[in-house]
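What follows is a short report on a single structure.
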Protein chains: 4
Amino acid sequence: MTKVLAICGSLRKASVNRALIRSLPALAPEGMEIVEAPSIDLPLYNFDIQAAGFPDTITALADAVRGAAGVIIVTPEYNYSVPAPLKNAIDWLSRVPNQPFQNKPITLMSAAPGILGGARAQYHLRQIFIFLEGMIVNRPEVMVTMAGTKFEMVDNAPTVLNDQPTKDVIKQNLAALARLIARLG
Amino acid sequence: MTKVLAICGSLRKASVNRALIRSLPALAPEGMEIVEAPSIDLPLYNFDIQAAGFPDTITALADAVRGAAGVIIVTPEYNYSVPAPLKNAIDWLSRVPNQPFQNKPITLMSAAPGILGGARAQYHLRQIFIFLEGMIVNRPEVMVTMAGTKFEMVDNAPTVLNDQPTKDVIKQNLAALARLIARLG
Amino acid sequence: MTKVLAICGSLRKASVNRALIRSLPALAPEGMEIVEAPSIDLPLYNFDIQAAGFPDTITALADAVRGAAGVIIVTPEYNYSVPAPLKNAIDWLSRVPNQPFQNKPITLMSAAPGILGGARAQYHLRQIFIFLEGMIVNRPEVMVTMAGTKFEMVDNAPTVLNDQPTKDVIKQNLAALARLIARLG
Amino acid sequence: MTKVLAICGSLRKASVNRALIRSLPALAPEGMEIVEAPSIDLPLYNFDIQAAGFPDTITALADAVRGAAGVIIVTPEYNYSVPAPLKNAIDWLSRVPNQPFQNKPITLMSAAPGILGGARAQYHLRQIFIFLEGMIVNRPEVMVTMAGTKFEMVDNAPTVLNDQPTKDVIKQNLAALARLIARLG
């Protein structure tokens with residue numbers, strides 16, 4: 001099995017992006033196992049903290065990225081860019097020795113209430129991963145627009161994706177990730 | 001006096017960007033008073049925290065932005081984008097009622113060790129402020145390249161800007177901010 | 001009357017963006033007159049041509065921009081960025097003495113067949129106008145998604161906008177342009 | 001020999017970017033042959049021209065890209081973005097059947113008079129190549145700042161690169177391109 005790590009960009013319990021992650025295993029190609037990453041509820045990045053030693057939560061997250069054949073980032077967009085909790089996790093991981101994203105196959109997904117579906121956050125992430133030397137799947141892009149209407153709801157919280165065209169594009173995206181992993185492996 | 005609030009994008013004590021902020025009052029046009037913002041060492045943004053009530057530190061920062069005629073953001077660049085602590089402060093402020101950046105004149109400055117001087121973080125900030133409807137000074141842009149060489153050092157920490165061409169461009173930028181405040185006032 | 005110049009980013013005769021321009025006068029606030037710019041079917045930018053003297057078509061376009069109180073750019077997106085014909089017009093205008101976009105109030109609109117409606121072209125345009133010191137309306141943004149379905153068609157060519165939600169957002173955008181012109185005037 | 005095609009983003013005869021291309025063969029790794037692409041002095045993109053049949057110059061350029069194992073784009077920056085002549089060539093190539101950039105290993109270089117060395121044009125190009133599914137070298141990035149001072153001049157025209165740190169980073173970049181070609185081959 002090819003192990004792939006899914007990182008959620010939101011800390012919110014009832015996040016549609018977390019619901020999107022729960023929907024991925026059923027859409028993955030044969031041979032791909034999708035595991036959710038440890039929490040990104042980390043201290044706010046500060047060099048003075050780093051100088052005193054990386055917190056264990058950072059080291060654990062770095063190990064999880066290194067131990068995976070690929071990474072799926074599933075994130076909302078905050079203010080036309082990357083949510084702070086996700087940027088914070090990336091800023092910490094970028095400082096760890098043996099930087100875990102280097103040469104790592106990565107795919108991006110986003111779900112958002114508006115008409116652009118988180119696109120702007122994805123393009124900022126792509127620029128971030130130039131520096132970190134990640135290898136990002138080009139297409140098809142997964143931008144779940146009007147996200148509030150595309151998930152089953154239980155007790156006002158989204159549980160699982162319920163929109164066939166979105167499922168189809170995710171299947172193609174995960175297949176593209178599998179091909180990129182195979183090609184770069 | 002026109003009060004202008006300076007926000008530092010780094011939490012690090014010995015930050016060159018904090019040293020840059022200390023260097024600004026001497027370069028400001030007559031009639032501009034520059035005040036440093038309260039700390040952005042805030043909890044990591046989480047809707048579930050917001051739902052329980054905005055922390056006092058967020059409310060205080062929002063009040064400081066609202067009470068200023070303009071804002072100066074002085075920031076490093078982390079991983080080709082906005083540092084997490086700064087993005088986190090912006091993500092919080094964007095949720096507060098009577099969003100404080102709306103129609104606010106803002107200028108951007110960055111200092112970084114490399115050859116681009118934080119340019120990439122500034123362009124991401126500009127995209128963020130489209131959504132928040134800030135009014136950003138166009139030019140001259142202040143990107144302090146090779147920042148480590150342009151500050152006086154005391155005990156291995158930068159104290160104050162010591163580079164005449166950088167001082168000149170900052171003077172022009174602050175004058176442009178003053179003109180934008182006057183024009184939009 | 002406040003004269004505003006509309007520039008179409010496509011050279012195609014049956015362009016949906018040209019149809020969008022034809023739809024603007026009916027949506028403009030009282031007192032705003034919208035005039036279509038001269039053609040941007042210009043020679044491809046080459047410094048060696050410029051050195052021999054600006055072509056008359058460039059000078060005429062520059063005069064049209066200078067003579068308007070504001071500019072509306074209405075454009076498709078080609079390859080996730082600004083169409084070459086529009087970028088070419090901007091590259092020429094940027095070289096003309098007394099650069100015509102400086103301090104000019106500008107608003108951006110785009111229509112495209114996909115789900116993002118030309119958003120990526122608009123963000124690239126915004127970066128371009130930092131250098132040219134244009135003053136761009138922040139919001140509401142006008143991104144006409146699935147453009148093929150939102151225009152009346154005559155002989156397989158789009159004639160005029162036929163979608164009420166899109167008309168509403170354009171009205172608000174043109175009103176915001178009028179306010180920006182008044183504020184900066 | 002691995003054949004790699006170099007495309008110059010400027011039409012100007014005395015372009016520093018053309019001089020940069022002339023400097024590349026001496027810096028290429030063993031086994032890499034660098035060939036300059038046919039001219040990008042093409043008609044301005046217009047769907048109505050395309051509908052009448054692709055001009056031969058477009059077809060020839062597309063064949064040259066398809067026949068190469070990799071592509072080097074060497075470009076100035078115009079108005080904080082991609083020069084119109086280069087965007088125009090890309091817009092044409094994107095419409096040709098069997099789109100030539102798909103899965104093609106590509107590296108980006110830029111030379112510019114300012115302190116950012118064309119960086120902004122490169123990030124826009126990277127976004128463009130997401131759609132075209134090019135595979136872009138991440139790092140090291142080649143941004144030749146203050147380009148006017150780094151070339152030998154003959155009769156006021158730059159002839160060849162004359163700056164050792166720039167030569168070193170180009171060597172590393174071309175080696176990275178060779179590795180990407182091998183890895184994706």
Side-chain angles (χ1 to χ4, degrees), chain B residues 65 69-71 73 75 77 80-82 90 93-95 98-110 116-143 169 172-185, chain C residues 65 69-71 73 75 77 80-82 90 93-95 98-110 116-143 169 172-185:
Chain B
V65 172
V71 172
I73 294 182
T75 186
E77 173 181 293
Y80 286 13
S81 186
V82 182
I90 293 171
L93 293 181
S94 71
R95 306 294 187 121
N98 184 14
Q99 193 262 100
F101 290 115
Q102 192 170 30
N103 284 321
K104 189 70 70 182
I106 300 170
T107 195
L108 308 178
M109 303 185 186
S110 56
L116 298 194
R120 291 166 290 228
Q122 289 199 24
Y123 296 121
H124 282 191
L125 280 168
R126 284 179 184 270
Q127 183 165 306
I128 289 164
F129 283 115
I130 298 167
F131 181 71
L132 298 176
E133 300 185 84
M135 301 296 289
I136 315 290
V137 168
N138 276 320
R139 290 208 290 158
E141 295 171 292
V142 178
M143 295 154 177
V169 75
Q172 294 167 34
N173 179 282
L174 292 176
L177 176 63
R179 283 196 306 274
L180 188 64
I181 291 171
R183 211 172 165 198
L184 294 175
Chain C
V65 172
V71 173
I73 293 182
T75 186
E77 173 181 293
Y80 285 13
S81 186
V82 181
I90 293 171
L93 293 181
S94 71
R95 305 297 187 118
N98 184 15
Q99 192 263 101
F101 290 116
Q102 192 169 30
N103 284 320
K104 189 72 65 183
I106 300 170
T107 195
L108 308 179
M109 303 186 186
S110 55
L116 298 195
R120 291 165 291 228
Q122 289 199 25
Y123 296 121
H124 283 191
L125 280 169
R126 285 180 183 268
Q127 183 166 307
I128 288 164
F129 282 115
I130 298 166
F131 181 71
L132 298 176
E133 302 186 80
M135 301 296 289
I136 316 290
V137 167
N138 277 319
R139 291 208 287 159
E141 295 169 295
V142 179
M143 293 153 178
V169 75
Q172 295 167 35
N173 179 283
L174 291 176
L177 176 64
R179 282 196 305 274
L180 188 65
I181 291 171
R183 210 172 167 197
L184 293 175

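Naming convention: chains lettered A, B, ... in sequence-line order (proteins, then strands); numbering from 1 in each chain.
- Looking at C/Gln127, the atoms closer than 4.5 Å to chain B (heavy atoms on both sides) all sit in the side chain, from C-beta outward.
- In this structure, C/Glu77 contributes its side chain and C/Arg120 its backbone to a donor-acceptor pair below 3.5 Å.
- Here the side chain of C/Asn138 pairs a donor or acceptor atom with the backbone of B/Gly134 at under 3.5 angstrom.
- Both the backbone and the side chain of C/Arg139 come within contact range of chain B, with heavy atoms under 4.5 Å apart.
- Scanning all heavy atoms of the two residues, the minimum distance from C/Ile136 to C/Leu180 falls at C-CD2, 4.2 Å.
- Proximity to chain B is limited to the backbone of C/Phe129, based on heavy atoms less than 4.5 angstrom apart.
- Contact check for C/Ile90 versus C/Leu125: side-chain heavy atoms found under the 4.5 Å cut-off.
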